[in-house]
Each structure stands twice: as structure tokens, then as C-alpha cells.
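One structure below.
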Amino acid sequence: MISHRLRAAAAGADLNAHLRRNGPMPLRGAVRPGRLGPLVAEIGDAGLRGRGGGWFPTGRKLKAVAASAGRRAPVVVVNGMEGEPLSGKDRYLLAQAPHLVLDGATLAAEALGAGRIIVAVPARGLGPSLSRLTEERTAWGVDPVGITVVEGPERYLSGQETALMNWINGGAALPTASRPFVRGVDKRATLVSNTETYAQLALIARHGARWFRAAGTPDAPGTTLVTVSGAVDLPGVYEVPVGTRVGDVLRAADDPETGAGPVPAAMLFGGYGGAWLSGQEAWSVPLAPESLGKAGTTLGPGILSVLPAGACGLAHTADIARWMADQGAGQCGPCLFGLPAVAADLDLLVCGTGSRVALDRLVRRLGLLPGRGGCAHPDGTARLISSALHVFADEVERHLTGTCCESLQHASMG
């Protein structure tokens, strides 16, 4: 069940060790802007889908960038901002397999005729070390395309691709209506993908589409990195084939000496913009975007967090909703007024001072948020709160009657 494709390729920051383990970069010759290199067809055959949260087909994304580029060389951007608090895979990859990520970006740039690669990371000290790696790669003659490392602001929306483009272009890290594949960095067609997407791309270039499809599902081939947190013995980043049952992932995160614990009361999928499922409902669901979508939640960037035993899921959700309201862009009504309003309604319910009238108002307000914002931030927060009201219906009743033991004190899911 546990896979070791990306982990097996991880050789740390040592370029020599990386090349010994994975072999030389399989460069195939740059193309003119607007054309497609042979790797693009192989990525399409492999069925690689972006691992940043949207799970959009990477081959289609590459073709869209090439179609928009015209005669101007496009730009490739590695999105390592990881604004989602429950995700750890970007940090893992950039620490344990940075050269694999950079290989993937270079191979994508070559296949598109791109003239520039930008690696965007939060200001947590990663920037200087990655810059040293890119200098070493240039000295070794590994990269035919120049790589620049930039450090962006640490906010939830900084990793949203239009916000990232706006910041790279000198603006604020706030979402815009632009489409990066048409008009991104310096008004050029820009490929923006997550660190894991580039790492998977580098493996496909080395091992082929058939090898990649040997794991995963027909709709979402390959393996994926999953950050498991909350009430598990061994929290961390795991690599599993897409489609692995949720219960099997949790068993892998149990201490073998203590054995598997009971099925948890609830699990949060997809992070702060995701949704809750009850433990019983989630246990046998395949960890795949379509399967989780049918169950009413999302895989997102690969996040599974387990609610601690005895904890109040409604109180946890109120903490997240308050934080998400503070992290909004403040550029549209749903973000500026809607999110603070629903967070305040939920706080009243959690503190035991809400009423059924207030609950009805919360539900009504949640219905007004989706599809009306300038980005998907309000939609994700509304989905999270709505799922909590459903999954934690018993807690809702206890809070309405003032009998929940966690009205004011609750454990962190961290």
C-alpha cells in the first residue's frame, strides 16, 4: 500500500547523489515557443494530473500554454508556496528531493521552449538553500534554462496561482481574473504547477507513461503524497498509490507496537478549504479525487487530518472558519463581509449563545457564498462549515442546549 517512487528517488540536496540515483536528466531538445516537445505527449499518455489541489490534467495544461505562447517564450513557475496549514509535502519535497522538482521544471521548460523558470517558496529560509542548488546545477551544466528562486508572503492565498502571478509581477499576492496560461509572468503564457507535479513529471520522463500508470487508478494514475495529521501515532507525509483506501492510509500512520486504533469519529480531507466526513463513511473510500468528490469532500493537495477522540468537531471548525475569514483577500463581498459573518455565527453556536434562529441564519448565509466570490476561497470555507454542520449534527444540538463540554476549550488538530 505504501509506495516509494518519489521517496526512492529522493537523494537530498546532493546533486551528485541525485544523478547517481536517478541518472542524467533525459533532455530531448528544446522547441521553439508555441511548439510542443515529445515529452508533452508522454505526459498526456501517462495521465498525470496536477497535485496542487485541482487535479487538472497536466498534458492539457502544457498544450494550453503552448497554444497561448505564440512566438514569445513562455515561463515555467514552480508553486511551492504551501499556504495550506495542514500540508507538508512541499516542504518535504524541497528538502528531500529538490533536484527532482527542479528536473521536472527544466524538462517542462524544454518541452515548451520556455526561457525562464521561477521557483516560488514562502519566506521560511528555503530560498537561499534552493538558490545555492540552482547555482550548482548551472555550474554542472544540468539546466539549459535559467532558474530564479523567489520568496513570497506567507498567507493562505499566496499559493493561489493568479495571486502568485500578481505578486511575481510586482503586485499584491491577491487573486485576479487573469489566466496564467494566457497572460502570466511579464504578460507571457505561464505554466504554474505544484512541486509534486514537477517531481512526478521528472519520473515519467525517466521511466515512461506505462510505468507511471502501473500505480493508481485509470482516472488518476500514479502515486501521490498525502499529509496525515491529527490523532494518529505517526503523523507525516506518506506516498501511496492514488485509490488507496483511507483506512489503509491510517493504518500506515499507526504505531505498529500499539496496533491500529478504533475508527475515528471524523476526518478532514483537503485541508482548511476541504470538508469533513464521518470516520465510518470515510474509512473504505478510495483516496482519489473522483471517489472523495462523490462522498462529498475533496482530496485537494493530499490532506487527511483525524479528529482527536472526544474533541468537538464544531469547535475545531469554528477555529478554522475564523482563521479563513482573516485570510481572505477582501476584494469582494463574500470575502469581505460573508466570511466574517458566517465565522461569527459559528462562534455564537460554539459558545452556547446561539439559537435555532441564528443557526438558520448561518445556513442561509452559507448558501449565498459559493460561486459569488472573486476566487474559490469563500466556496471552500462554506463547504467546510456546511460539512461540519452535517457531520457534527449531534454536537450542534449539544451546543444549542449548552451541554457540549468543549464549548470554550478544545484540543488543536495541529
Would you check, one step at a time, whether the test side chain to side chain contact (heavy atoms under 4.5 Å, CB included) holds for I147 with T106?
-> CA-CA 9 Å; I147 301 177; T106 297; 4.0 Å; yes

Find the distance between [atom1] ([X]) and [atom2] ([Y]) and round it off to the nearest 0.5 Å.
X	Y	atom1	atom2	value
N194	M81	CG	CE	12.5 Å
Q327	C335	CD	SG	10.0 Å
L48	W55	CG	CH2	9.0 Å

Could you tell me whether [X] atom [atom1] has more than 12 heavy atoms of other residues or ligands within 6.0 Å of it?
X	atom1	answer
R35	CZ	no
E397	CD	yes
F56	CZ	yes
R361	CZ	yes

Side-chain donor or acceptor of [X] paired with backbone N/O of [Y] under 3.5 Å:
X	Y	result
E196	L225	yes
T244	V240	no
R206	G23	yes
N169	G184	yes
R116	V76	no
E239	R5	yes
R51	T223	yes

Exactly one candidate in V350, L349, V391 meets side-chain contact (heavy atoms from CB on, under 4.5 Å) with V396; the answer is L349

Among L304, I303, L86, which one satisfies side-chain contact (heavy atoms from CB on, under 4.5 Å) with L268?
-> L86

Distance under 6.0 Å and angle within 45° of ring axis: R383 vs W276 | no

Any side-chain donor paired with an acceptor under 3.5 Å for [X] and [Y]?
X	Y	value
N22	H99	no
D143	T138	no
T195	D90	yes

Between Q160 and T162, is a side-chain hydrogen bond (donor to acceptor under 3.5 Å, both in side chains) present by the stated rule, with each step listed?
-> CA-CA 6 Å; Q160 200 270 358; T162 65; 2.5 Å; yes

Step by step, work out the salt bridge (Lys or Arg N to Asp or Glu O under 4.0 Å) result for E110 and R32.
-> CA-CA 9 Å; E110 181 197 46; R32 295 199 305 273; over 6 Å; no

Passes side chain to side chain contact (heavy atoms under 4.5 Å, CB included), W283 versus V246? Steps please.
-> CA-CA 5 Å; W283 190 261; V246 169; 5.6 Å; no

State whether E84 and R155 are salt-bridged, where the test is any N-O pair (Lys NZ or Arg NE/NH1/NH2 against Asp/Glu carboxylate O) under 4.0 Å.
-> no

Less than 4.0 Å between a side-chain N and a carboxylate O, is that true for R213 and D45?
-> no

